[in-house]
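Okay, so here's the structure we're looking at.
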2 protein chains.
Amino acid sequence: MSTPAGARRRADAVRNRQLALEAATALLSEPGAALTVEAIAKKVGLGAATVVRAFGGKDALLDAAVSGLLEPVVRRARDLLAETTATRALHVFLRELLAFQTAHHGVNDRLGGLDLPATTALRADLVRAVEEMIEGARREGTVRTDLDPRVTTTLIGRTALAVAQAQPPSQELADAYLTVLLDGLRPLNAP
Amino acid sequence: MSTPAGARRRADAVRNRQLALEAATALLSEPGAALTVEAIAKKVGLGAATVVRAFGGKDALLDAAVSGLLEPVVRRARDLLAETTATRALHVFLRELLAFQTAHHGVNDRLGGLDLPATTALRADLVRAVEEMIEGARREGTVRTDLDPRVTTTLIGRTALAVAQAQPPSQELADAYLTVLLDGLRPLNAP
DNA sequence: CGATAAGTGAAACGTGCGTTCCAGATGATT
DNA sequence: AATCATCTGGAACGCACGTTTCACTTATCG
């Protein structure tokens, strides 16, 4: 069904699968959207059954959609770590992360009780990357060392998401958050 | 029914109403609890119909329960503002607010699409109190003046809630949050 | 152009939940 | 104790969703 090993797959089915994925992705970024199978199906003019069948269930569809959004973010975090100092990577990435989350209005908030394996894995990658940024910035002397890097990472993850979920989205709030957070993270004898 | 003007109200109905309220309040603080009418009813050995009828609907019941939790918090904020400096009030209250929210594990997180008038009003009161603390602390020279007090209040409200919703609850995270937040809120030329 | 298997979607189904009904139980009043 | 309005809760109802069914459609291939 989802990936029948030796069977033929019709071209229209492949196309519809892609359409469903795009519709789900679009709905994820719409604040008040219903996020039901019916809503996704209607958005592309397909039947609900077709949308569900293409992924084997609603959860799998949303997992694919969220993963697709998250993947470039994770890649960006890794690229920044490789390209520049941890301090600069942290500052740049936090700003971009906030912009991303604001644009998609908290990709998290309506995903309460769902099981999204790929998304969970990507989120773990993201946490690891931020953790590396924090540890690097500590070594570079730009982040205080009296806090556990793990705890700091958790703190950033949770608060950034909360700020991004503000309704309506506010650039002023995001800026204030970054200002307070980064100042608060500086060593005590900072410039 | 809920408050029949001239009619008699039986004592057992009054008692059951109180029991339902207590059960709902208890469930609000249990992380994974179902928060359904059925669950509330079973907790006190009543029928679901009785629980709902006592308040005229599930929303009203939860509104009463959440309000009951929130009311002493709001009063405490007001008391602190009257008793001491805004700076001290802000510091003390933030710590207490975080402890409260952690204890009740984010009273917010399962209240998504519900209409809770009394709770909303209390939250507005809370926001106003924190705003007064921020404004006062600015005048006292302990909080930076380059951020809008309104925005700062929103920032605190959203991030504090997010920190309190951490699963499992972590005192270390809460402490780190307070440290970073309060340091980040200090004037730039701080001690 | 058949023939055949894959794909489709309206309708049916199952589940979970809040709410409402109503026949019987119970507290209040005389 | 008798009477009666109030209260109760199991059952039925309505609604929202995700999922499954199945008669029908359509792409694909010889």
Side-chain angles (χ1 to χ4, degrees), chain A residues 1-24 27-28 30 32-66 109-116, chain B residues 1-24 27-28 30 32-66 109-116:
Chain A
M1 180 166 288
S2 49
T3 312
R8 290 173 298 179
R9 303 202 45 175
R10 267 165 52 169
D12 58 342
V14 174
R15 202 197 70 226
N16 284 340
R17 188 189 146 101
Q18 182 61 26
L19 287 175
L21 183 59
E22 286 167 11
L27 274 189
L28 275 176
E30 291 179 21
L35 209 53
T36 64
V37 170
E38 198 102 14
I40 297 171
K42 193 187 291 182
K43 205 172 177 72
V44 272
L46 294 173
T50 303
V51 169
V52 174
R53 220 182 352 243
F55 286 83
K58 185 199 180 186
D59 288 15
L61 167 55
L62 289 180
D63 195 21
V66 176
D109 58 356
R110 281 162 299 170
L111 270 40
L114 275 55
D115 180 42
L116 310 177
Chain B
M1 183 168 288
S2 48
T3 312
R8 291 173 296 177
R9 305 201 43 173
R10 263 164 55 170
D12 57 342
V14 173
R15 201 196 69 225
N16 284 339
R17 188 189 146 102
Q18 182 61 25
L19 287 176
L21 183 59
E22 285 166 12
L27 274 188
L28 276 176
E30 290 179 22
L35 208 54
T36 63
V37 170
E38 198 103 14
I40 296 170
K42 194 187 293 183
K43 204 171 177 73
V44 272
L46 294 174
T50 303
V51 169
V52 173
R53 221 182 351 241
F55 286 83
K58 185 199 182 186
D59 287 16
L61 168 55
L62 289 180
D63 195 21
V66 177
D109 57 357
R110 283 163 296 169
L111 271 39
L114 276 53
D115 181 42
L116 310 178

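In what follows, every heavy atom counts, from backbone to side chain, and hydrogens, waters and symmetry copies are set aside. Chain letters run A, B, ... following the sequence lines, proteins first and then strands; every chain starts at 1.
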Taking only Lys NZ, Arg NE, NH1 and NH2, and the carboxylate oxygens of Asp or Glu, determine whether A:E30 and A:K43 approach each other closer than 4.0 Å. yes
Verify side-chain contact (heavy atoms from CB on, under 4.5 Å) between A:L62 and A:L35, making sure each step is shown before the conclusion. CA-CA 9 Å; A:L62 289 180; A:L35 209 53; 4.1 Å; yes
Distance in angstrom units between A:F55 CZ and C:dG7 C1', rounded: 15 Å
Around atom CD of A:E38, are there more than 12 heavy atoms of other residues, nucleotides or ligands at under 6.0 Å? no
Mind calculating the distance between CG (B:L61) and P (C:dC17) to the nearest angstrom? 16 Å
Rounded to whole angstrom units, what separation is found between the CG atom of A:L19 and the P atom of C:dG9? 11 Å
Side-chain atoms of A:T50 come closest, of C:dG9, C:dG18, D:dG9, to C:dG9
Polar atom pairs between nucleotides 25-30 of chain C and protein, under 3.5 Å, N or O only, would you list them?
| from | atom 1 | to | atom 2 | distance (Å) |
| --- | --- | --- | --- | --- |
| C:dT26 | O2 | B:R10 | NH1 | 2.7 |

Nearest nucleotide by nearest heavy atom, which residue falls closer to the 5' end of DNA chain C, B:V52 or A:N16? A:N16
Counting side-chain heavy atoms from CB outward, which of D:dT21, D:dG18, D:dG9 is closest to A:R53? D:dT21
Atom-to-atom span, CG of B:L62 to P of C:dG18 - whole angstrom: 9 Å
Check the distance between C:dA6's C1' and A:R17's CZ and give it to me in whole angstrom. 16 Å
Round to the nearest Å and state the distance from B:R15 atom CZ to D:dC7 atom P. 13 Å
Write down the distance between CD (A:E38) and C1' (D:dC15), rounded to a whole number of angstrom. 13 Å
Counting only side-chain heavy atoms from C-beta out, which of C:dG9, C:dC17, D:dT19 sits nearest to B:K58? C:dC17
Nearest 0.5 angstrom please: B:L114 CG to B:L61 CG, how far? 10.5 Å
Integer-rounded Å distance: C:dG18 P and B:K42 NZ: 13 Å
Between D:dG9, D:dT20, C:dT19, which nucleotide has the shortest distance from any of its atoms to the side chain of B:A49? D:dG9
Quick one: are B:F55 and B:L21 in side-chain contact, heavy atoms under 4.5 Å? yes
Kindly indicate, with the supporting measurements, whether the criterion side-chain contact (heavy atoms from CB on, under 4.5 Å) is fulfilled by B:L111 and B:L28. CA-CA 10 Å; B:L111 271 39; B:L28 276 176; 4.1 Å; yes
Does the side-chain contact (heavy atoms from CB on, under 4.5 Å) test come out yes or no for A:I40 and A:L46, once each step is laid out? CA-CA 9 Å; A:I40 297 171; A:L46 294 173; over 6 Å; no
